[in-house]
Amino acid sequence: MTDETYWKEKLTDEQYKILREKCTEPPFKGKYVNEKRRGKYNCAGCKNLLFLSDSKFTTGCGWASFDRPAGGESISTQMDYSHNMERIEVICSNCKGHLGHVFEDGPTDTGMRYCINSVALEFVAES
């Protein structure tokens with residue numbers, strides 16, 4: 001089985017478009033944009049822990065936003081020059097799925113704003 005076949009069978013069509021084809025969900029449409037509960041945000045593709053709720057904040061940008069990843073190696077980044085723009089793409093370090101982008105204009109002491117597609121995430125609330 002090829003990687004592409006594996007992911008097409010494992011993911012929904014929407015998840016496949018975001019995680020594997022690097023698409024973006026429409027702003028303000030993601031199910032975690034306004035999520036306030038405490039918990040963990042895992043990769044929807046491989047369940048790798050990506051972000052914790054204590055790093056989430058409201059920005060009004062339209063996507064779930066975090067100021068830091070859950071751990072030093074939970075995500076990786078690379079330059080993204082698509083759409084005639086220069087951005088830093090955020091990738092799951094485990095399955096290499098596209099998560100979103102990071103910007104250096106965050107309002108917290110980290111100065112970072114990780115704008116992440118809700119479709120790329122799986123939220124696990126604290127019990």
Side-chain angles (χ1 to χ4, degrees):
M1 179 183 322
T2 67
D3 279 348
E4 184 177 345
T5 302
Y6 171 80
W7 289 116
K8 282 189 175 183
E9 289 177 1
K10 181 174 177 57
L11 303 171
T12 66
D13 289 344
E14 189 177 26
Q15 288 172 326
Y16 185 85
K17 286 178 181 178
I18 303 287
L19 287 163
R20 309 318 303 174
E21 295 180 340
K22 301 183 180 200
C23 291
T24 300
E25 66 191 3
F28 304 103
K29 299 295 183 188
K31 62 184 173 182
Y32 300 129
V33 172
N34 298 310
E35 179 62 61
K36 303 283 190 220
R37 294 175 293 165
R38 294 190 54 78
K40 299 175 182 179
Y41 292 86
N42 299 325
C43 176
C46 70
K47 312 307 182 228
N48 182 34
L49 175 61
L50 301 172
F51 300 96
L52 300 173
S53 60
D54 66 353
S55 69
K56 190 172 186 298
F57 60 93
T58 302
T59 63
C61 71
W63 291 273
S65 298
F66 305 86
D67 69 354
R68 66 189 174 283
E73 296 181 12
S74 61
I75 63 157
S76 58
T77 60
Q78 68 183 21
M79 291 306 299
D80 175 4
Y81 300 103
S82 63
H83 308 290
N84 295 319
M85 299 166 73
E86 185 175 314
R87 302 176 288 177
I88 301 171
E89 179 184 9
V90 180
I91 302 161
C92 173
S93 62
N94 187 54
C95 71
K96 310 303 182 226
H98 170 77
L99 303 172
H101 293 89
V102 62
F103 305 93
E104 296 178 349
D105 62 1
T108 70
D109 61 344
T110 69
M112 305 305 282
R113 178 172 54 96
Y114 291 84
C115 293
I116 307 298
N117 292 290
S118 291
V119 170
L121 300 172
E122 178 181 90
F123 178 69
V124 180
E126 282 185 7
S127 36

### Query
Are more than 12 heavy atoms from other residues, nucleotides or ligands located less than 6.0 Å from atom NZ of Lys29?
no
### Message
Assess whether a salt bridge exists between Glu89 and Arg87, defined as any Lys/Arg side-chain N lying under 4.0 Å from an Asp/Glu carboxylate O.
### Response
no
### Task
Quick one: sort the Phe103 and His101 rings into parallel, tilted or perpendicular, breaks at 30° and 60°.
tilted
### Message
What I'd like to find out is whether the side chain of Cys61 reaches to under 4.5 Å of the side chain of Arg113, using heavy atoms alone.
### Response
yes
### Task
Determine the minimum heavy-atom distance between Leu11 and Ala44, stating which atoms define it.
CD2-O, 4.1 Å
### Query
Should Ile91 and Val102 be counted in the same cluster of Ile, Leu, Val, Met, Phe, Trp and Tyr side chains packed under 4.5 Å apart?
no
### Query
Does CG belonging to Asp105 count more than 12 external heavy atoms closer than 6.0 Å?
yes
#### Entry: Validation row: Glu4, Tyr16 side chains within 4.5 angstrom (heavy atoms)
yes
### Message
Taking Leu49 as the starting point, is it possible to reach Leu121 by hopping between hydrophobic residues whose side chains are less than 4.5 Å apart?
### Response
no
### Message
How about NZ on Lys96, more than 12 heavy atoms from neighbouring residues, nucleotides or ligands closer than 6.0 Å, or not?
### Response
yes
### Query
Got a second to check how far Arg68's CZ is from Leu52's CG, nearest 0.5 Å?
7.5 Å
### Aromatic ring proximity Tyr41/Phe66, centre distance under 6.0 Å
yes
### Pairwise side-chain contact, Ile18 with Gln15, heavy-atom cut-off 4.5 Å (strictly under)
no
### Message
If I take atom SG from residue Cys23 and atom CD from residue Glu14, how far apart are they, to the nearest 0.5 angstrom?
### Response
10.0 Å
### Query
Do Val33 and Leu19 belong to the same hydrophobic cluster, where Ile, Leu, Val, Met, Phe, Trp and Tyr are linked whenever their side-chain heavy atoms lie under 4.5 Å apart, directly or via other members?
no
### Query
Mind checking whether Ser93 and Asn48 have side chains closer than 4.5 Å, heavy atoms only?
yes
### Message
Looking at every non-hydrogen atom in both residues, tell me the closest pair between Gly45 and Trp7 and how far apart they are.
### Response
O-CZ3, 3.6 Å
### Query
Any chain of hydrophobic side-chain contacts (each under 4.5 Å) joining Met79 to Met85?
no
### Query
Any side-chain donor paired with an acceptor under 3.5 Å for Lys36 and Thr58?
yes
### Any Ile75 side-chain heavy atom under 4.5 Å of Tyr114 side chain
yes
### Query
Is Lys10 atom NZ crowded by more than 12 heavy atoms from other residues, nucleotides or ligands, each under 6.0 Å away?
yes
### Query
How close do Ala125 and Arg37 get, heavy atom to heavy atom, and via which atoms?
CB-NH1, 4.0 Å
## Note on the structure
Between Cys92 and Cys95, the two heavy atoms sitting closest are SG-N, 3.6 Å
### Message
With rounding to the nearest 0.5 angstrom, report the OG to CD1 distance, Ser76 to Ile88.
### Response
12.0 Å
### Query
At what distance, to the nearest 0.5 angstrom, does SG of Cys46 lie from CG of Asn94?
4.0 Å
### Message
If I compare all heavy atoms of Ile116 with all of Trp63, which pair ends up nearest, and what's the gap?
### Response
O-CB, 3.8 Å
### Query
Do Phe123 and Val119 share a hydrophobic cluster (ILVMFWY, side-chain heavy atoms under 4.5 Å, transitive)?
no
### Message
Heavy-atom count check: over 12 atoms from other residues, nucleotides or ligands less than 6.0 Å from Glu104 CD?
### Response
no
### Message
If we ignore hydrogens and angles and just use 3.5 Å, is the side chain of Asn117 paired with the main-chain N or O of Glu25 as donor and acceptor?
### Response
yes
### Message
As an exercise, state the distance from NZ of Lys22 to NE2 of His98, rounded to the nearest 0.5 Å.
### Response
7.5 Å
### Query
When rounded to the nearest 0.5 angstrom, what distance separates CZ in Arg38 from CG in Asp54?
6.0 Å
### Task
Decide if atom CD of Glu73 counts as having more than 12 heavy atoms of other residues, nucleotides or ligands within a radius under 6.0 Å.
no
### Task
Could you pull out the closest heavy-atom pair between Lys56 and Ala64, with the gap in Å?
CE-CB, 4.2 Å
